Structure formats: structure tokens, C-alpha cells
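Please read these numbers as outputs of a predicted model, since none were measured by experiment. Within every chain, numbering begins at 1; the chains are lettered A, B, ... in the order of the sequence lines, protein sequences first and strands thereafter.
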Number of protein chains: 2
Amino acid sequence: MPEVPHGVTTGDALLKVLSALGNPHRMRIVAALLENRNYVSALAREIGMGRPLLHMHLQRLEAAGLVTGTRELAEDGKTMKYYDVTPFVYELTPHVIARAAATLTGTGDGPGDDTAGRTTGRPDRGAQEDAEEEAK
Amino acid sequence: MPEVPHGVTTGDALLKVLSALGNPHRMRIVAALLENRNYVSALAREIGMGRPLLHMHLQRLEAAGLVTGTRELAEDGKTMKYYDVTPFVYELTPHVIARAAATLTGTGDGPGDDTAGRTTGRPDRGAQEDAEEEAK
DNA sequence: GGCACCCGTCAAAGATTTCTGACACATCTC
DNA sequence: GAGATGTGTCAGAAATCTTTGACGGGTGCC
């Protein structure tokens with residue numbers, strides 16, 4: 001609603017999101033965090049997974065902008081990192097994919113350049129295609 | 001939108017879609033096919049990729065229901081396999097992921113554990129979450 | 001001091017996925 | 001026949017992702 005500015009997602013960004021979500025464990029992590037946020041160790045116990053592993057998965061999810069970690073201080077002084085799910089909204093359609101593919105860095109025939117491109121930097125915004133006409 | 005029956009996508013099915021799309025080459029393939037359908041060898045030439053490789057990618061995409069291959073007979077008798085992009089529509093949100101995660105087979109705690117992913121069967125069905133009561 | 005809990009990281013195994021170079025088959029044309 | 005095109009498959013290398021078992025640091029409590 002107020003969020004989701006709208007569809008200016010880089011190919012690279014979308015790629016990160018898709019490959020991040022394309023993993024059973026990571027899906028499960030998102031599910032668990034959606035039900036209730038919590039910190040790494042607890043989450044690890046909840047879904048039965050080693051801390052190092054979970055850590056790495058969370059990192060991947062955060063890099064894709066799907067979850068965010070915040071360092072919080074418990075009452076007894078323990079520092080714990082809580083993770084929350086980002087309210088992302090991505091609409092996947094052939095067009096969206098095609099458009100994203102056009103801005104892929106790496107092996108692309110990108111529009112002219114190959115310098116680690118136009119990643120909006122910190123985009124964790126959802127992708128929304130505004131309806132438009134596409135002569136094809 | 002007559003299509004998009006509405007969100008009855010298996011976790012496994014969604015997982016396939018996401019991991020299929022989470023690959024630069026495959027995104028590019030979808031993009032190329034969206035612009036104009038064509039057959040394997042030609043496509044391979046167009047995007048500069050070995051036939052065996054492309055074949056495998058197409059298979060992955062088709063398994064996810066994102067493209068469909070049809071065997072057609074050219075005028076000179078050559079049999080060629082044309083590929084088309086399926087007009088899929090998937091909406092990715094934390095909820096969709098969570099719900100999908102609940103029906104994952106494999107290492108899941110799935111409610112009932114079904115033998116194999118049961119998709120709508122039909123290739124071009126998208127996943128749509130209909131807004132419903134969900135207070136978190 | 002011990003113990004519990006929290007946070008992180010590293011290096012090496014293990015399992016997948018990706019990619020390549022053959023090979024098989026078919027048809028039509030020269 | 002040899003050559004062009006098309007289809008598909010297979011086995012093995014190469015690269016990547018996943019997973020594990022140490023380690024390191026920190027705090028507070030008995």
C-alpha cells in the first residue's frame with residue numbers, strides 16, 4: 001500500500017530475490033519469522049538447524065531485502081539480533097522477467113555498459129509493473 | 001482476469017518456479033521467448049549457448065510450467081520443437097511464501113505430507129493470494 | 001572461577017547445479 | 001554417398017551452493 005513504490009527493480013536485485021526464495025529452508029525461515037520475529041539462536045532451535053547455517057541463510061535473505069536484522073538489547077544485557085520479514089510484494093510475470101533480464105549485469109548485452117551497473121543501491125522495494133502497453 | 005484461479009499453488013510448485021527463475025540464463029531465455037517464440041537450435045544461436053545446456057534450462061523452465069514446448073513440423077519435413085512462454089502470474093508476498101512453506105514436502109513438518117507435489121496440473125496457473133482475514 | 005546464554009566467523013567436507021564435448025537418431029538437398 | 005539442418009541423450013569436468021564442526025568474541029548468574 002503506502003509501500004511498494006513501484007516497479008523499478010534491477011535485474012540483479014530480482015535475481016537475488018528469486019534465488020533467495022528458491023530454497024525450501026529459506027521459505028520456511030520466512031514463514032517462521034512471519035509468525036513471530038525472533039533472534040537467531042531461538043529461530044535455529046525452532047526450525048532445527050545449525051546456527052552457522054541459519055546465519056548464512058538469513059544473510060542471503062537480508063541481502064535480497066526480504067528480511068531485516070536488528071540488534072536489540074535484552075533486559076539482562078544480552079545482545080541479540082532479531083529478524084523481521086520485510087513486507088515485500090513482487091509480481092512475477094513474463095514481462096517483469098523480461099524487463100529484469102534486460103538489466104542483468106554479468107554476461108549481458110546490457111544497454112551499453114558493464115560497469116556493475118545501475119543497481120539502485122539499497123533496493124528492497126517490491127516490484128510492481130504498472131500496466132502499460134508493450135508493442136511486441 | 002479470468003485466469004489465475006487463485007492461490008492453490010503447492011509449496012513444491014512455487015519452489016520450482018522460483019528456483020527456475022532464479023537464474024540469469026533462464027531469465028534471459030524467458031525474455032527471448034517472449035519476444036518471439038522459436039525452436040531450440042535457433043534460440044541457442046540467438047543467445048549464444050550450447051544446445052545441450054539450453055535444452056536442460058528449457059526443461060527446467062517447462063517443469064516449472066513457465067514455458068511450453070510443442071513439436072512442430074516444418075514444410076521441409078524437419079521436426080522442430082518450438083517453445084512459448086506461459087502467461088504466468090505469481091504474486092510474491094511473505095504470506096504466499098509462508099503458506100507455500102507449509103506444504104513443502106521433503107524435510108517438512110507438513111501437515112499431512114503428501115506423496116508428491118500436487119499442482120493444479122495446468123501449466124499456466126498463477127498463484128494469487130486472495131485477501132483474507134489474517135491478523136498478525 | 002565456573003557455567004549458561006548470546007553473537008559472529010572460518011575452513012573443510014558434501015551435495016547440487018551448471019556446463020562441455022561427444023554421441024545417437026531423423027529429414028532434406030546436392 | 002556427403003553435407004546441411006533439426007531432435008535428443010549421456011558421462012564427466014567445473015563451478016556453486018549447502019552443511020558441518022570447530023573456533024573466536026561478548027554478557028550475566030551461581
Q: Please list, in 5' to 3' order, the outermost nucleotides of DNA chain C lying under 4.0 Å from any heavy atom of chain B.
A: C:dT18 to C:dC28

Q: Checking B:I97 against A:L66 for the side chain to side chain contact (heavy atoms under 4.5 Å, CB included) test, could you report, in this order, the C-alpha distance in whole Å, the side-chain angles of both residues, the deciding distance, and whether it holds?
A: CA-CA 11 Å; B:I97 299 296; A:L66 301 172; over 6 Å; no

Q: Please report the C-alpha distance between B:L92 and B:L18 in whole Å, then the side-chain angles of each, then the deciding distance to 0.1 Å, and finally whether the side chain to side chain contact (heavy atoms under 4.5 Å, CB included) criterion is met.
A: CA-CA 10 Å; B:L92 292 190; B:L18 293 176; 3.7 Å; yes

Q: Would you tabulate the nitrogen or oxygen pairs shorter than 3.5 Å linking the protein to nucleotides 16-26 of chain D?
A:
residue, atom, partner, partner atom, Å
D:dT18, OP1, A:N23, ND2, 2.9
D:dT18, OP1, A:R26, NH2, 2.2
D:dT18, OP2, A:R26, NH2, 2.9
D:dT18, OP2, A:R60, NE, 3.3
D:dT19, OP2, A:H25, ND1, 3.3
D:dT19, OP2, A:H57, NE2, 3.0

Q: When the distance from CG of A:D76 to P of D:dC29 is rounded to whole Å, what number comes out?
A: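 Rounding to the nearest Å, CG of A:D76 and P of D:dC29 are 7 Å apart.
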
Q: Is the backbone of B:G11 close enough, under 3.5 Å, to the side chain of B:T103 for a donor and an acceptor to pair up by distance?
A: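 Yes; at least one donor-acceptor contact below 3.5 Å.
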
Q: Taking the side chain as C-beta and beyond, is there a heavy-atom pair between B:V67 and B:D84 under 4.5 Å?
A: no

Q: Check residues 41-56 of chain B and write down every donor-acceptor pair under 3.5 Å in which the side-chain atom is one partner and the other belongs to a residue at least two apart or another chain.
A:
residue, atom, partner, partner atom, Å
B:E46, OE1, B:N38, ND2, 3.4

Q: Who else is in B:Y82's hydrophobic cluster (ILVMFWY, side-chain heavy atoms under 4.5 Å, direct or via others)?
A: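 Answer for B:Y82: B:Y39, B:M80.
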
Q: Please state how far atom CD in B:E62 lies from atom P in D:dT7, giving the value in whole angstrom units.
A: 14 Å

Q: What is the distance, to the nearest angstrom, from the CD atom on A:E75 to the C1' atom on D:dC29?
A: 15 Å

Q: Where do A:L21 and A:R26 land on the side chain to side chain contact (heavy atoms under 4.5 Å, CB included) test, with the steps shown first?
A: CA-CA 6 Å; A:L21 253 28; A:R26 261 167 253 144; 5.7 Å; no

Q: Please examine the side chains of B:V17 and B:F88, heavy atoms only from C-beta on, and report whether any two atoms are closer than 4.5 Å.
A: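 Contact flag for B:F88/B:V17 side chains = no.
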
Q: Tell me which of A:H55 and A:M80 sits closer to the 5' end of DNA chain C, going by the nucleotide each one is nearest to.
A: A:M80

Q: Is there a side-chain polar atom (N or O) of B:K81 under 4.0 Å from OP1 or OP2 of D:dG8?
A: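 Result: yes.
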
Q: Who passes ring-ring contact (aromatic ring centres under 6.0 Å, His included) against B:Y83, sequence neighbours left out?
A: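 B:Y83 satisfies ring-ring contact (aromatic ring centres under 6.0 Å, His included) with no other residue.
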
Q: Could I get the full list of salt bridge (Lys or Arg N to Asp or Glu O under 4.0 Å) partners for A:E72, not counting sequence neighbours?
A: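 With neighbours one apart ignored, the set is A:R37.
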
Q: Enumerate donor-acceptor pairs with a distance under 3.5 Å from any side-chain N or O in residues 58-65 of chain B to protein atoms, sequence neighbours excluded.
A:
residue, atom, partner, partner atom, Å
B:E62, OE2, B:G69, N, 3.1

Q: Using a strict heavy-atom distance below 4.0 Å, which residues from residues 37-45 of chain B are in contact with DNA chain D?
A: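 Hits under 4.0 Å, by residue number: B:Y39, B:V40, B:S41, B:R45.
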
Q: Want to settle it: does B:R71 or A:G77 sit nearer the 5' end of DNA chain D, counting the closest nucleotide to each?
A: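 Result of the comparison: B:R71.
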
